[in-house]
K.L.:
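This is the structure I have questions about; it appears just below.
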Number of protein chains: 2
Amino acid sequence: MAEPMYWQIAQALRQEIDSGELRPGAKLPTELELRERYNASRNTIRDAVKWLASRALIETRPGQGTFVVERLAPFITILSADAETGLGGGEGNAALSEIIAIGLTPAADPPDVGIKRADRVLAEQLSVDEGAQLVSRYQPRYIDGIPWSMQTSFYPMNLVTKGADRLLEAADIPEGVIAYLKEQLGLVQVGYRDWILVRLPTEAEAMFFRLPDDGRVSVVVICRTGYSDGPDGPVPFRVTMSIFPADRNQFVITSAHHPPEADG
Amino acid sequence: MAEPMYWQIAQALRQEIDSGELRPGAKLPTELELRERYNASRNTIRDAVKWLASRALIETRPGQGTFVVERLAPFITILSADAETGLGGGEGNAALSEIIAIGLTPAADPPDVGIKRADRVLAEQLSVDEGAQLVSRYQPRYIDGIPWSMQTSFYPMNLVTKGADRLLEAADIPEGVIAYLKEQLGLVQVGYRDWILVRLPTEAEAMFFRLPDDGRVSVVVICRTGYSDGPDGPVPFRVTMSIFPADRNQFVITSAHHPPEADG
DNA sequence: GCAAATTTGTTCGTATGTATT
DNA sequence: CAATACATACGAACAAATTTG
C-alpha cells in the first residue's frame, strides 16, 4: 500500500460517487460511520473527506453531514457579435454579454456610480494618463435571483464633460450605455477586445456569489475594451470588467457566419 | 476571538506575503518555528499552512520547507480572427490559437492519431450520428519546453474517404490542417464557434501540466467548431478541444476593427 | 555513496466547541 | 434542552523526502 490510507478511502468514496451509488445531493455516512467502515481514525476519515471536498465532489455542512455536490446547470453567455444583429453580443442592458435565457429572468441592481483614478492597467486600456479621472459604474447581476455576475464599467471623464451626463446618474440606462453614447455624442463602437483570465475570487466576490470559503471555486474575469473611430484610428472609450463564478458559467464566441442552432 | 486560531495565523502570514515582507520564492519558517512563534500546536500550524496553500499563496515541498509561490508570467493566446489576415487567429500550425511570442519558441509533439466513435457532445457539434467514426488527432504543445496545452481535433471520417488521407498520418501537417483541407478538398472554413469553460483537470491533465496534486489549479477548455459552406448553410467539419492550465494562460479576442497595439 | 539531520506527510488518540435538528 | 455531526485544537509517534556533512 504505497498510497496513504486517506487517499485510498477518498478513492473508494469517489468511486461510489462516479458510479452513481452516491447520487448528487446524497448524504455520505457520518465520520463515525466511515471510521468504522474503513477501520481508520476520525482524523484520517476527515483527511479523505477534505481530499474530496477540495475537488468539489462533496461538501460538508456542520451539524448536518457530508453531501455529494449537485452540479448547477451552467449559464451560457454569448460573448460575440452576431454580424447581422450588430456589434457586441446584446449590449442592450448587459454591457458585456447576453445569456441564453429560456425561462430565466435576468435582473440587475441599480448601478453604484463613482469616480476613480485610473490605475496602470486601466490607463493603458483606455489610452489615458495614469491617475486620470474615470467614471465607474458597478452593477451586480442576477439570474432568477441567483448572483450571476459583478460588472464594472469605466469611462473617461471627458465623455461626461462632452454631454453624457447620465453616466454620472446612479440609475440604470435601459437602452444600454452604447446606445446612449451613440445618441448623445454620436460615439459609435466599431470594435472591442475581450481579455479573459481565471483567478481566485476576492473576499467581496466570494461573499457576493456565496462561494465556499476555501479557494476551490475560481472566477472568470472578462475585460472588454470598446473602441470608437477616431481621426488616427480606433480610440478606446470604455472598459468593462465582468466577474463570473467559474463553476456555473460557460461562454460562447462565434466568428463570421455561424449556424443559428448554436448550443452545447 | 471569534475566528479560529489557524485562520488568524493564516491571516498573519498572508499579511506578511501581501506586504512583501515574504517575497515570492521566499521560504517560510518551519512548522516548528511557527509553532513557537504563534504558541500553537503543530497541527494548528499545519491547518494555517493548508489554508494558504489551498489558495495558491504558498506551496509546501516535503523535506525542504514551505515557500511563497512565484507567479508565472501568463501566456496570452489570441483566439480571434484578424479580419485582414484571415479566419481563425493563426491556424497555421496551432489549429486553435496563436501565442504572443516574444522570444518564446512554441513546439508540439507529433500527433497521436486515432479513430473514435462520436459521443453525444461531439455528434451534436459535428452534426453526425452518435457513434459515427471520427478521426482524432491529439497534440501536446509546449512553449520553451514547458507544457502549454493539450489539443485534440476531431474530423468526420468522410473527409478521409473524400481524399484527405494525411489526416490519418501520425505526422504534423506543417501548413495547418485548415490549409491542407482547402488545398486537398477545396474545403474552406467560413466561420467557427468557440465554447469556453473552466473545470478541474483530469488526472492525465494534471500529470502532463505538472499541476499540484490538490485541486487548486483548474484548466480552461476551449472547444472550437469550424464550419464550411454547404448547400443548406454552414456545415461543421472539425471540433478542436484545447486544454490550458488556468493559472498561467490568458486569452484575448478581438472583434471588428481593433488597434494594433493590443495587449495588457 | 552513505549516514545524519532537517522538514514536511501520515496516522493515531483525545477533548472541546459550534451548528443543526 | 438534548442529540447529532462537523470544526477546532492539543499531543505524540513514525514515515518519507531532501539536504548536509
Side-chain angles (χ1 to χ4, degrees), chain A residues 1-14 17 22 25-69 206 210-216, chain B residues 1-14 17 22 25-70 206-207 210-216:
Chain A
M1 55 171 188
E3 306 297 347
M5 192 188 301
Y6 78 88
W7 188 86
Q8 296 180 37
I9 297 172
Q11 301 314 310
L13 290 170
R14 182 170 71 161
I17 296 168
L22 284 168
K27 183 176 180 300
L28 269 71
T30 68
E31 292 175 352
L32 247 55
E33 287 166 339
L34 291 173
R35 196 179 98 88
E36 295 197 354
R37 179 193 298 187
Y38 293 107
N39 195 30
S41 79
R42 185 169 163 234
N43 282 336
T44 300
I45 296 298
R46 279 179 65 74
D47 281 345
V49 167
K50 272 181 210 154
W51 193 94
L52 295 163
S54 75
R55 284 161 182 76
L57 297 173
I58 63 180
E59 59 186 352
T60 58
R61 300 178 204 149
Q64 298 185 52
T66 305
F67 301 84
V68 181
V69 295
R210 295 197 259 284
L211 300 180
D213 181 42
D214 56 6
R216 72 169 175 270
Chain B
M1 52 171 190
E3 307 297 347
M5 192 189 302
Y6 78 89
W7 187 87
Q8 295 181 39
I9 296 171
Q11 299 315 307
L13 290 170
R14 181 170 71 160
I17 295 169
L22 284 168
K27 182 175 179 302
L28 269 70
T30 68
E31 292 176 352
L32 247 56
E33 287 166 339
L34 291 172
R35 196 179 97 86
E36 295 198 352
R37 181 196 295 188
Y38 292 108
N39 195 32
S41 78
R42 188 175 159 225
N43 282 334
T44 301
I45 296 299
R46 281 178 64 75
D47 281 346
V49 166
K50 273 180 210 156
W51 192 94
L52 295 163
S54 75
R55 285 161 181 76
L57 297 173
I58 63 180
E59 59 186 351
T60 58
R61 301 178 204 149
Q64 298 185 52
T66 305
F67 301 83
V68 181
V69 295
E70 303 190 67
M207 177 110 44
R210 296 196 258 285
L211 300 179
D213 181 45
D214 56 6
R216 73 170 175 272

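Every heavy atom of this structure was used, including side-chain atoms; hydrogens, water molecules and symmetry mates were not. Lettering follows sequence order; numbering is per chain, from 1.
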K.L.:
Respond yes when some side-chain nitrogen or oxygen of B:T66 is under 4.0 Å from OP1 or OP2 of C:dT8, and no when none is.
P.N.:
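Yes, because at least one side-chain N or O of B:T66 sits under 4.0 Å from OP1 or OP2 of C:dT8.
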K.L.:
Nearest 0.5 Å, what's the OG1-CG distance between B:T44 and B:N39?
P.N.:
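Between B:T44 OG1 and B:N39 CG, I get 10.5 Å after rounding to 0.5 Å.
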K.L.:
Does any part of the side chain of B:T60, heavy atoms only, come nearer than 4.5 Å to the side chain of B:V49, both counted from C-beta?
P.N.:
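A side-chain contact under 4.5 Å exists here.
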K.L.:
Hey, does A:R61 reach any base, or is it just sugar-phosphate, or nothing, if we go heavy atoms under 4.0 Å?
P.N.:
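Touches sugar-phosphate only.
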K.L.:
Can you see if the side chain of B:T44 gets near the phosphate of D:dC10 - specifically, an N or O under 4.0 Å from OP1 or OP2?
P.N.:
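The answer is yes; a side-chain N or O of B:T44 sits under 4.0 Å from OP1 or OP2.
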K.L.:
What is the distance, to the nearest angstrom, from the CZ atom on A:R42 to the P atom on D:dT4?
P.N.:
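After rounding, the reported distance stands at 15 Å.
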K.L.:
Do the non-hydrogen side-chain atoms of B:N43 and B:D47 ever get within less than 4.5 Å of each other?
P.N.:
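No, every pair of side-chain atoms sits at 4.5 Å or beyond.
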K.L.:
Name the closest nucleotide to the B:Q64 side chain, picking from C:dG13, C:dA19, D:dT18.
P.N.:
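My answer, after comparing the listed nucleotides, is D:dT18.
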K.L.:
Output the rounded distance in Å from CZ (A:R46) to C1' (C:dT10).
P.N.:
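In whole Å, C:dT10 C1' lies 16 Å from A:R46 CZ.
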K.L.:
Between C:dT18 atom P and B:M5 atom CE, what is the distance in whole Å?
P.N.:
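Distance, rounded to whole Å: 13 Å.
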K.L.:
Could you tell me the separation between the CG atom of A:D47 and the C1' atom of D:dA7, rounded to a whole number of Å?
P.N.:
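Rounded to whole Å, this separation is 13 Å.
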K.L.:
Ignoring the backbone of B:P62, work out which of D:dG11, C:dT8, D:dC6 is nearest its side chain.
P.N.:
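Nucleotide nearest to B:P62's side chain: C:dT8.
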K.L.:
Do B:E59 and B:R61 have side chains that get closer than 4.5 Å, going by heavy atoms?
P.N.:
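Side-chain contact under 4.5 Å: yes.
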K.L.:
What is the separation between atom CH2 on A:W7 and atom C1' on D:dA16, rounded to the nearest whole Å?
P.N.:
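For the pair A:W7 CH2 and D:dA16 C1', the rounded distance is 17 Å.
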K.L.:
Between A:Y6 (OH) and D:dA16 (P), how many Å, whole number?
P.N.:
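About 13 Å, once rounded to whole Å.
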K.L.:
Tell me the interatomic distance from A:L32, atom CG, to D:dA7, atom C1', rounded to whole angstroms.
P.N.:
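One finds 14 Å between C1' of D:dA7 and CG of A:L32, rounded.
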K.L.:
Expressed as a whole number of angstroms, how long is the span from A:K27:NZ to C:dT21:P?
P.N.:
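That distance rounds to 12 Å.
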K.L.:
Find which nucleotide of DNA chain C each of B:V49 and A:A40 is nearest to by heavy atoms, and output the residue with the more 5' nucleotide.
P.N.:
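Final value for this comparison: B:V49.
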K.L.:
Donor-acceptor pair, A:E31 side chain versus A:R46 backbone, under 3.5 Å?
P.N.:
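Looks like no, no N/O pair under 3.5 Å.
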K.L.:
Using a 4.0 Å heavy-atom cut-off across all strands, classify A:S41 as base, sugar-phosphate, or nothing.
P.N.:
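If one applies the 4.0 Å heavy-atom cut-off, A:S41 turns out to touch a base.
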K.L.:
On the nucleotide D:dA5, are OP1 or OP2 found under 4.0 Å from the side-chain N or O atoms that A:T60 carries?
P.N.:
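No, A:T60 has no side-chain N/O under 4.0 Å of OP1/OP2 on D:dA5.
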